Engineer: 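Quick one: the structure is below, questions incoming.
A note on names: the letters A, B, ... follow the listed sequences, proteins ahead of strands, and every chain is numbered from 1. Computation of the quantities below employed the complete heavy-atom set of this structure, encompassing side-chain atoms and omitting hydrogens, waters and symmetry-equivalent molecules. Computed from a predicted structure; not experimentally measured.
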Amino acid sequence: MKLLIQALMAAALINAGAAFAQDATRGQKLFDECAACHSPDRTAKDTVGPSLHGVVGRKAGEGADFRYSPAMKRSGITWSADTLSNFIADPQKLVPGNRMPYSGLPDAKDRADLIAYLQANMK
Amino acid sequence: MVTKLKEVDAVIVGLGWTGGILAKELTQAGLKVVALERGVHRNTAEDYALPGVRDELRFVHRHDLMQNPARDTITVRNNVKQEALPMRRLGSFLPGDGVGGSGVHWSGHTWRWTDNEFKVRSMYEARYGKNFIPEDMTIQDWGITYAELEPYYDKFEYVAAVSGKAGNIKGVIQPGGNPFEAPRAREYALPPLTDIQSSKMFSEAARNMGYHPFPRPSANASRAYTNPDGSKFGACQYCGFCQRFGCEANAKGSAHITVIPIAMASPNFELRANSWVTQVLKDPAGKKVTGVRYTNLMNGEEYEQPAGIVLLTAYAINNVHLMLLSGIGEPYDPVSQKGVIGKNYCYQTGVGANLFFDDHNFNPFMSAGGSNHTIDDFNANWDFDRGPHGFVGGFTIGAGFNTSLPIGNRPVPSGTPAWGTAWKAAQAKSYQTAMNIGSSGSVMANRYNYFDLDPTYKNAFGQPLMRMTFDYKANEHKMGELAAKLVNDIAKAMNPTSFNRASSRQSWTVVPYQSTHNTGGTIMGVNPKVSALNKYLQNWDYHNLFVVGANVFPHNGSYNPTGPVGALAYWTADAIKNRYMKNPGPLVQA
């Protein structure tokens with residue numbers, strides 16, 4: 001399991017490198033869309049939503065102390081750039097019954113930049 | 001036994017919008033502040049998150065966020081000849097309870113009341129003569145002006161994430177906004193909410209009739225937003241569960257996600273929830289108040305909290321109640337018209353029409369708290385001549401959906417049987433195909449509409465209940481008739497398959513729900529003989545007592561009250577920080 005996580009982290013870091021072609025700075029600004037409920041900080045407590053520090057590579061529903069919906073826990077998703085993008089595009093479509101009150105970020109470039117920021121925000 | 005606690009600089013009674021604003025402002029100014037809140041401490045993550053918050057039965061029909069009338073309520077009657085009886089279940093209005101107060105479960109409608117209200121008596125007398133105002137209509141000027149309050153309106157709107165379209169920036173009329181609003185310094189904090197079909201159809205019909213529709217300004221963030229204090233808002237998701245619910249997306253302007261957490265992060269601030277204030281205490285010399293007495297609801301123990309300044313910031317009715325229970329000021333007597341505490345209680349009025357369309361589906365489940373369009377042609381528009389109609393005040397007319405819930409939203413055409421197969425069929429069809437046009441009208445103060453202490457009924461603490469004596473008078477009847485006619489005219493112009501006609505309210509009753517906009521009882525003014533507070537909401541008798549809320553309004557307007565309530569809280573905070581702290585004493589000489 002530990003090896004798997006390390007492998008995933010490594011993959012995420014490589015991805016993060018590639019993703020800098022995306023605009024992580026713009027993504028940080030786009031994170032305002034999420035900030036009322038999610039913190040990007042490692043030390044932050046979970047608030048309305050779980051902290052998104054290091055979300056890339058994490059298994060869905062397995063963040064520290066957050067009370068996830070059964071739908072999220074059952075989803076079997078591991079968050080990658082692709083799965084995150086699919087999720088943020090239409091959260092209820094990818095994980096029906098999850099409890100995030102957000103209708104989605106329709107623009108693919110916005111999502112790519114936002115995810116680039118999340119990938120850069122791993123340390 | 002009452003335990004006496006260590007003195008603090010200020011004690012706040014009730015922690016909603018006004019208490020939260022004052023808590024933040026005064027702790028940041030360096031004061032040691034304690035807030036006593038009778039309700040519990042709730043927050044979005046634990047209490048308003050999905051899926052639990054989408055529970056209409058719990059929050060709407062069982063009043064989960066509202067005050068518990070088994071512990072304290074009011075008695076009501078329509079006139080002084082009747083015996084008042086306790087309201088044992090909340091109905092006509094729904095006072096909130098708990099940290100955040102009614103700011104948790106309001107819809108967010110945020111208006112700027114203008115000099116039409118603040119100078120009501122002088123403006124009507126100047127235009128129509130003294131005889132236009134009936135003898136029993138005890139309206140008076142407020143002692144403040146729109147120009148004085150403008151920067152504070154602005155501050156509140158930007159803190160509360162108000163979405164809207166300006167109609168008048170520094171005197172220049174703006175297309176798309178309310179042309180009758182008073183001049184504002186700048187645009188709203190956020191652009192208007194997304195239009196919904198019902199409000200668009202209303203707007204089109206109203207515009208074709210020569211009126212001036214605009215999107216209703218509302219503290220529902222139309223996009224993600226960080227306010228000037230750094231508080232973060234999510235974008236409104238149009239979930240349809242706004243009024244009477246906490247916001248799951250942190251998109252509604254609420255004290256529990258803005259000013260209260262800022263105060264709570266300060267070492268100068270302490271919140272004590274479940275703390276019920278029973279009395280404001282006075283010094284023997286009768287010049288100052290010395291603190292408050294309260295009961296810890298968790299164990300029944302009583303405490304005295306001494307404080308340099310006492311701020312009453314509870315729900316409007318409760319502020320007045322506490323003044324009466326504490327023997328502060330002279331209780332108002334409608335016969336002699338002497339006394340001030342309890343004077344000029346006002347409610348609101350309104351009419352509504354349901355429209356049924358065979359050829360439209362409105363999706364009423366998708367809306368924000370403020371997904372309405374409104375016309376102000378018969379309210380803030382001073383060119384609208386009240387003379388021929390013979391009333392003082394005005395009314396807005398609006399349409400759109402706000403919290404059209406699956407259990408409660410049951411419009412059916414007039415004549416539909418009240419039960420059975422035909423009723424089921426009608427409502428299955430009408431849920432999607434009906435919309436509503438409504439008006440909200442002002443209520444002018446009347447000498448016989450007032451609060452006092454009930455001679456018979458007592459609350460759980462053995463204290464007399466507040467007694468409300470209220471009914472609509474001729475002024476409201478005349479206004480209601482015109483409002484109903486205009487609502488019906490617009491409804492007809494929209495060409496529905498059928499519509500249930502609007503009609504004027506005659507007498508007030510305690511059911512069903514009408515409006516939580518109760519005003520007056522400790523009114524502000526320029527003369528201590530006829531007002532309880534000066535323009536800084538400072539009590540005339542006890543200079544270290546401030547009373548903040550809609551209870552300070554000398555009459556009620558047609559707009560929702562939270563705009564001036566929030567602005568006045570900032571206005572009072574500034575007066576305390578910048579003037580009172582430097583030189584404690586009356587801020588206005590009587």
Engineer: Give the minimum heavy-atom separation between A/C37 and B/A249, together with the two atoms involved.
Structural biologist: SG-O, 4.2 Å
Engineer: Under 3.5 Å, which donor-acceptor pairs link chain A to chain B? Give each pair on its own line with the distance.
Structural biologist:
from: A/A36; atom 1: O; to: B/N250; atom 2: ND2; distance (Å): 3.0
from: A/R99; atom 1: NH1; to: B/L50; atom 2: O; distance (Å): 2.8
from: A/S103; atom 1: N; to: B/Q237; atom 2: OE1; distance (Å): 2.6
from: A/S103; atom 1: OG; to: B/Q237; atom 2: OE1; distance (Å): 3.0

Engineer: Could you tell me which residues satisfy ring pair (Phe, Tyr, Trp, His ring centres under 6.0 Å) with B/F202, sequence neighbours excluded, listed by chain and number?
Structural biologist: none
Engineer: I need the minimum non-hydrogen distance between A/A36 and B/G234, along with the two atoms involved.
Structural biologist: CB-N, 3.0 Å
